[in-house]
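Report on one structure; see the data block that follows.
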Amino acid sequence: MIKAIVIDDEPLARTMLLEFLQSYADIAVVQECGDGFEGLKAIQQHQPELIFLDIQMPKITGFEMLELIEDPPAVIFTTAFEAYAVRAFDAHAVDYLLKPFSKERFDKAIQKWMEQHKTGLRGTEAAAVTIDALAQSQAMHQRIIVKDGGKIKIVPVHDIQYLEAADDYVKIITAEGYFLKNKTMSFFEQVMDAQQFVRTHRSYIVNIHFITRIEPYEKESHLAILKGGQKIPVSRTGYNKLKQLIGI
């Protein structure tokens with residue numbers, strides 16, 4: 001028996017999915033969830049092979065929920081996302097159902113996943129690529145979702161002082177302390193607002209609103225001094241970026 005979870009904030013959408021799934025005796029929906037937090041807990045509890053996931057939901061989005069799962073299950077997105085964004089899925093091995101969708105379209109998505117499932121492919125890597133692609137065109141400019149111990153923390157972007165590379169993670173530094181995110185510096189450089197965040201060094205991205213002054217350092221490098229007294233390295237390339245942005 002294949003375990004599945006339906007995660008959608010619209011009760012009618014969940015009901016329709018359950019009706020469509022009645023045609024598949026080997027797929028058992030172990031839980032319905034109305035938001036991403038509930039969905040995250042259900043996935044951790046049931047370890048499903050497949051989830052049906054809405055994107056635009058209250059509290060946290062479907063993308064943000066997936067980012068919190070270390071080894072996400074196969075995903076079929078059910079979304080009313082704008083057509084230009086949905087096109088990003090076409091380049092990857094993750095299917096989507098654009099609301100409103102028919103039973104025929106639903107069946108095609110299920111058959112596509114069944115073929116992957118039989119060959120042992122879960123589509124996890126493709127899902128990660130898709131999430132990154134859509135994040136770059138959508139909503140990571142306002143907040144970042146991180147794990148803080150056993151809790152989930154929503155970090156407003158305007159509270160971030162700087163980001164620092166830390167092996168396979170990135171440190172997100174705020175007045176509260178730092179949080180770790182399993183992403184790359186290049187990813188954040190692409191998704192953060194370029195008018196507010198500058199990559200001053202290969203290991204640092206700085207929120208320019210927290211810079212109080214820039215001081216010369218050794219050779220052609222500089223240091224950015226932040227409001228909290230932190231000294232952030234600024235390479236020659238980073239200095240040129242800062243000069244253009246803040247007009248120094």
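- Side chain of K227 to backbone of H209: a donor-acceptor contact under 3.5 angstrom is found.
- In this structure, I76 and L97 have side chains that are in contact, with non-hydrogen atoms separated by less than 4.5 Å.
- When side chains are defined from C-beta on, H201 does not count as touching I232, because their heavy atoms never get closer than 4.5 Å.
- Screening R202, K241, K183 for a salt bridge (Lys or Arg N to Asp or Glu O under 4.0 Å) with E189, the sole residue that qualifies is K241.
- The main-chain N or O of I145 is found under 3.5 Å from a side-chain atom of K181 such that the two form a donor-acceptor pair.
- The shortest distance between side-chain heavy atoms of I69 and L40 falls below 4.5 Å.
- A salt bridge between E10 and K99 is present, with a side-chain N of the basic residue lying under 4.0 Å from a carboxylate O of the acidic one.
- Taken together through direct or relayed side-chain contacts under 4.5 Å among Ile, Leu, Val, Met, Phe, Trp and Tyr, V198 and L223 form parts of separate hydrophobic clusters.
- Residues F63 and I55 meet the side-chain proximity criterion, which asks for heavy atoms closer than 4.5 Å.
- Not one N or O on the side chain of D159 forms a donor-acceptor pair closer than 3.5 Å with the backbone of T174.
- One hydrophobic cluster holds both F37 and I43 under the rule that ILVMFWY side chains link at heavy-atom gaps under 4.5 Å.
- Put simply, the side chain of Y24 reaches to within 4.5 Å of the side chain of D107, judged on heavy atoms.
- No hydrogens or angles considered: a donor-acceptor pair under 3.5 Å links the side chains of H46 and Q31.
- Using a 4.0 Å cut-off between charged nitrogen and carboxylate oxygen, K231 and E215 do not count as a salt-bridge pair.
- Note: F101 and F106 have parallel aromatic rings, judged against thresholds of 30 and 60 degrees for the angle between ring planes.
- Taking a cutoff of 4.0 Å between a charged side-chain nitrogen and a carboxylate oxygen, E64 and R143 qualify as a salt bridge.
- Within a 6.0 Å sphere centred on CG of D168, heavy atoms belonging to other residues, nucleotides or ligands number 12 at most.
- With hydrogens and angles ignored, the 3.5 Å screen pairs a side-chain donor or acceptor of R14 with a backbone N or O of D8.
- In this structure, CG on L226 lies 8.5 Å from CZ on F210, to the nearest 0.5 angstrom.
- In this structure, M1 stands alone, with no Ile, Leu, Val, Met, Phe, Trp or Tyr side-chain heavy atom under 4.5 Å from its own, directly or through other members.
- Under the 4.5 Å side-chain criterion, counting only non-hydrogen atoms from C-beta, P72 is not in contact with M65.
- Annotation: Y217 is not in aromatic contact with H222 [ring centroid separation under 6.0 Å not met].
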